[in-house]
Every structure is written in C-alpha cells, then in structure tokens.
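Okay, structure first, notes after.
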Amino acid sequence: MTIDDDNRDEFLDALDEQQRAAAQSLLGPVVILAGAGTGKTRTITHRIAHGISRGIFAANRVLALTYTNRAAGELRLRLRQLGVGPVAVKTFHSAALGQLEYFWPQFAGVPAPMILGAKAAMLSSVATQNRIELDAAAIRDLASEIEWRKLSMLSIEKYEQLTTRPKVAGLSHTTNVVLQRAFEEAKIKAQKIDFEDVLILTLGMLRAEPRALAHVQQQYRFFTVDEYQDVSPLQHALLDLWLGDRSDLCVVGDPNQTIYSFTGATSEFLKNFTDRFEDATKVQLTRNYRSSSQIIDFANLLTEGSEPLQSQGFEGVRPRVLTFSSDAEEAETIAESIKASLQAGVPANNIALLYRTNGQSQVFENALAKKGIEYSVRGGERFFNRAEIQQAMQGVRAESVMPTGKSLNHAVSDICRSLGWQAKPPTEAGAVRERWAALNAFIGILDEMPEDSTLVDFAKELDERKRSQHEPVQSAVTLSTIHAVKGLEWPVVFVAGLSEGFLPISYAQTDAEIAEEQRLLYVAITRAGRELQLSWSKRDAASGRDRIASRFLTKFEQRPSGMNIPG
C-alpha cells in the first residue's frame, strides 16, 4: 500500500523517483528489486525514517533484518544519521539468539546452551576418533556441508537419502553421514550448540511455546529484510513465524546477485514473492549511481533477460580485459598499475583487487609487498581483535568511568598516543605501519559519531561495532575473494585470475552452478565505480599446465576495441 503524501518530508526529497516510490510503500507486502549500486540501503533507511515520521511505523516495533553483521552495522549507522529512534537492526542469527537467551531460561529453567565457537576443532576430534584423517581444507568443507544441511532444514536422516549429493572433502556419502552424526553427538555431550542450532532451537521454541511467540509478534510489527535473495529455508521459516498472519513485510533483493546457494540460500523466495502475496507492491530500482556507463555496459552483458541497469554516472574509461603469460606477470603488472594510481593521488582504500578463491591471493600479496604497497586481506585478522585496538578500547572504557574533562577527540587521541600513534604516519613498513594504520582508523570512527557525543557514547559505539564486526575503513588496498565483497564498492577495481577452473570454479558443472558463477563475475564488476580491469594468465606456475580464458570473457568480445582476449 502506497501512502500518498502531499506534504512530503525531507526523507522523500532526498530520493529519486524509483526510490521514492519504494519509500512511500509503507503498508502491506512490498518487494523492492534493487540492482547493484541503485541505492538500496538509502532507500531502506529513508523508507523506515519516512514511515516513522508519518506515524505509520512505531520505531520500537520495526525489525530490519540483514544478512551480515557488517551490513547491519551500516544500516544502523545510516538510521542514526537520519535521527531515527530505537529501530532494531539485526542479522537473523542475532535476532534469534536474543530470543533464545531471553525465553529459554523461562521455559527450560536453565540458561540457554553455550554456542560452539567454531566447528573445526570438534570435527577434527570426531574424525580422529573415527580413524579418518582430514586436513584443514577438508574440515572446512565438512563444516560448510553441515551448515548447508541445517539451513536447508534437512535432518541427518533426510540428508542421508541424498545419495546424489556431491562428495564432500573426498569422503564417501556414508562416511560423511557418520561424521555428521558423531559431530552432533559430541555437541550434545559437551552441552553446546552451533550457530545454525540457534535458528533451529529458536524456531522450535516459538512453535512449542505460544506465549513466547505472542510476545515476539507483539514486539515486532513492521519487517524489512535486506538481501532477500540470500535467505535460506531455515531463516525464512523463522521469518514466517515472526510475521504470523500479518503482511507488513518489505523485502529487498537482486536475483542477479544470488551467489550464496552453497550455504543453503535461495532466490526462490524473492522470485515468488508476488505469487505468495498477490496484492504486493513491486518496485524496481534500476538507476545505478556507483559505476560509469562503460562499466555498467559490461555488467549488463552478464544479465540476459533482466531489467538492465541504467548508469547515472559519467561515461568513464573503457574497462580493460588483459591476458598475461603467467601468474607472476599478472601480479607484477597489477601491482605496478596500483602503484601508479597511488602516485597519481588515488587513496589506497579506493582500490580493490578481487579473485575467486583464497588460494589465489598469495602471488598478489607478494607483488604488492615487493613494491611497498600497503594492503589488507578481507577475512584476515579482525580489526577489533587486534591487540592495540583492544588496548585502546580498554582505555576508552576506563576514562569514560573516570572522565578527565577532556573533549572526546582530545581524550581518544591521547589514549592512542599512549599506544604509539602519532599524527604523521611512520616511514617503516610491516607491523609498525599496520599498528599505526589500525589506531588511525580507530580515531577515524570519531568522524561518524553524532555531535556532542561523550566518551560513554563512544564506548557504547565501540562495543556495538565489535559485536557486529562493523569495522572502520583503513588506508590500504583491499585484497579479497569476490564472495566477501558483496555490498562494498571502490572507484578502482582489478578482477584477476579469470580462467576456467577459477571462474567458473572447477566443481561448477550444472547449468545452475555455472549461472551462479556468472552472477559472481557480475557482482565483481559492479563493485567498480570509475576504473575496471579484468585479467587472466595462460599458465599455472604450480602445475605447469596451460590455462583457458574464462568462458564469461567471451561475452565482452563484441565490445569496442582495446581488449586483449584470445580468439
């Protein structure tokens, strides 16, 4: 249901026509198909703010659900900047965990079970007990398969019947099932649950306890779900329970960015939304504000049958597609290009180098290090786990309890100076520079705090950011797998290693799997704003075998000249 607002408020005035249509659709089921770079976070936050300002939404009855902690932190920050009240912004897991910890003691008479930090140690132990040798990669694969099974709402008994399921970690299906059963038994013995069990137990508890379900449904009335194409069957079952017989549900997603099916995610809920809710309001966001028109032209070649993106930016330079003789040549040339960009004044945090698998990063790390270029690998050491950041947080907490009368900026700067920070960056590379960069980013969080914030406010902000892993931007070139950067963007992007076996990955065999690999390249391309380079190398240095260019690169062969793609 669209609210026709003759007295449009500032939240609508800041939106374009498509975004405004979405923001004015406040009641009933709403589906927003938001292409890459079309301002979906802006639309979501302004829609919530508009609904609250009109008195349609009560801030404390809105629940905004996101896929990652980082996305939740960003959404929470944007709402705060709009001056919006106490809106709950959570991942599915954090929302479920809060309910589990609140209700479990009431109905079970004991605290909620402890959560297993990671599956790896326990899986390794049960494998050893069953006289099965598994390396770290195999353990990760088995853990991922357990997560897929649970998020797909399959019991071990039902999973055991899936004899056509691809092999996991080289194990037979029978051995795989044996290890999964042993893992579940070990958890019960240790009186612990894993992350997926949080959703399973919350779902079972709310189904079994009408009082708990009534409490949750009373607490939350208006739902917004971001990245709806990434929702798993288990998450969706929980969402349905929270929603009940109501229909004030706004979902936002992009089928072209469905890249997590290996975790149990499915875009079918997004695609079938208007079948489930026949009276749903459907809005499409197609105006891309992130990328140049030339980059968008490339991206649209990968989305046959979809509404094409319309670049609202400048024409820009034509993306380059380059072929190299070896991995070393590819890495060396990219590092040299990055160095040239830095010398031309491009900030390091405006540049990203993306690849398909974690194993591809080392050659690029070596090339950048040789040229003295600072880089940060996404998925490496967590910002808030660094020793100097923990020390800085302790200092903020201590001074917030016993304030010295200094201003917030002065107090935080002094705390960081006591840990070795100075206004001028050090000339040394390596650990010294990394420590300085981390503390500098820590101070940079102050720029995102509201005016008149106190040390107490800053301490609370830090605790919330640590909990949600909402990390600050650091002054370094980003290296990352493509999967880890959905939702992020950089003016300058290099996408490397685009050969058969990497993208598409070797184990992608079915049409659906190949289509997902193509969407992965689409996600990579649409991270770029101003400059984009795609590349691959002809020879695998480790094996000595020749490579073939990714089949997806042929889609760009009909583009104008200036590309070096093998015929």
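Computed from heavy atoms alone, side chains included, the values below leave out hydrogens, waters and symmetry copies.
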ask   = Where the side chain of Arg519 meets the backbone of Thr258, is there a donor-acceptor pair that is under 3.5 Å apart?
value = yes

query = With a 4.0 Å cut-off, would you call Lys150 and Glu184 a salt bridge?
reply = yes

ask   = Parallel, tilted or perpendicular: which fits the ring planes of Phe298 and Phe556, with parallel below 30° and perpendicular above 60°?
value = parallel

query = Does atom NZ of Lys370 have more than 12 heavy-atom neighbours from other groups under 6.0 Å away?
reply = no

ask   = Between Tyr67 and His93, is the gap from one ring center to the other below 6.0 Å?
value = no

message = Show, in sequence, the C-alpha distance, side-chain angles and deciding distance for Glu489 and Arg527, and conclude whether the salt bridge (Lys or Arg N to Asp or Glu O under 4.0 Å) test is met.
response = CA-CA 4 Å; Glu489 59 185 87; Arg527 300 312 93 197; over 6 Å; no

task = Working to the nearest 0.5 Å, report the span between CZ of Arg76 and OG1 of Thr66.
result = 8.0 Å

task = Start with the C-alpha distance between Asp463 and Arg397, add both sets of side-chain angles, then the distance that settles salt bridge (Lys or Arg N to Asp or Glu O under 4.0 Å), and finish with yes or no.
result = CA-CA 10 Å; Asp463 287 340; Arg397 291 191 197 101; 3.2 Å; yes

key: Glu315-Ser293 side chain donor-acceptor pair, cut-off 3.5 Å   = no

ask   = Between the main-chain N or O of Ile505 and the side-chain N or O of Glu517, is there a donor-acceptor pair closer than 3.5 Å?
value = yes

Spatial distance of atom OG (Ser550) from atom CD (Gln518) [nearest 0.5 Å] = 9.0 Å

ask   = How many angstroms lie between atom CD of Gln360 and atom CG of Leu479, to the nearest 0.5 angstrom?
value = 11.0 Å

query = Would you find a donor on one side and an acceptor on the other, under 3.5 Å apart, between the side chain of Ser418 and the backbone of Ile415?
reply = yes

message = Quick check for you: to the nearest 0.5 Å, what is the distance between Tyr522 atom OH and Thr303 atom OG1?
response = 5.5 Å

Polar side-chain atom of Gln390 near backbone of Ala387 as donor-acceptor pair, under 3.5 Å = no

message = Please confirm whether the ring centroid of Tyr228 lies under 6.0 Å from the ring centroid of His236.
response = yes

key: N/O donor-acceptor pair under 3.5 Å between Asp230 side chain and Ala265 backbone   = no

task = Just do the salt bridge (Lys or Arg N to Asp or Glu O under 4.0 Å) check on Arg149 and Glu196 with the steps written out, would you?
result = CA-CA 10 Å; Arg149 172 178 64 80; Glu196 292 69 46; over 6 Å; no

task = Measure the CD-OG distance between Gln229 and Ser261 for me, rounded to the nearest 0.5 Å.
result = 12.0 Å

query = Heavy-atom count around Leu446 CG within 6.0 Å, excluding the residue itself: above 12?
reply = yes

task = Without swapping roles, check the side chain of Tyr355 against the backbone of Leu498 for a donor-acceptor pair under 3.5 Å.
result = no

task = Show your reasoning for whether salt bridge (Lys or Arg N to Asp or Glu O under 4.0 Å) applies to Arg80 and Glu461.
result = CA-CA 12 Å; Arg80 188 177 66 199; Glu461 173 71 10; 2.5 Å; yes

ask   = Can you tell me if Arg530 uses its side chain to pair, donor with acceptor, with the backbone of Trp490 under 3.5 Å?
value = no

message = If you take the centroid of each ring, where Trp contributes its six-membered ring, are Phe458 and Phe442 closer together than 6.0 Å?
response = yes

Face-on cation placement of Arg165 at Trp148 ring, 6.0 Å and 45° thresholds = yes

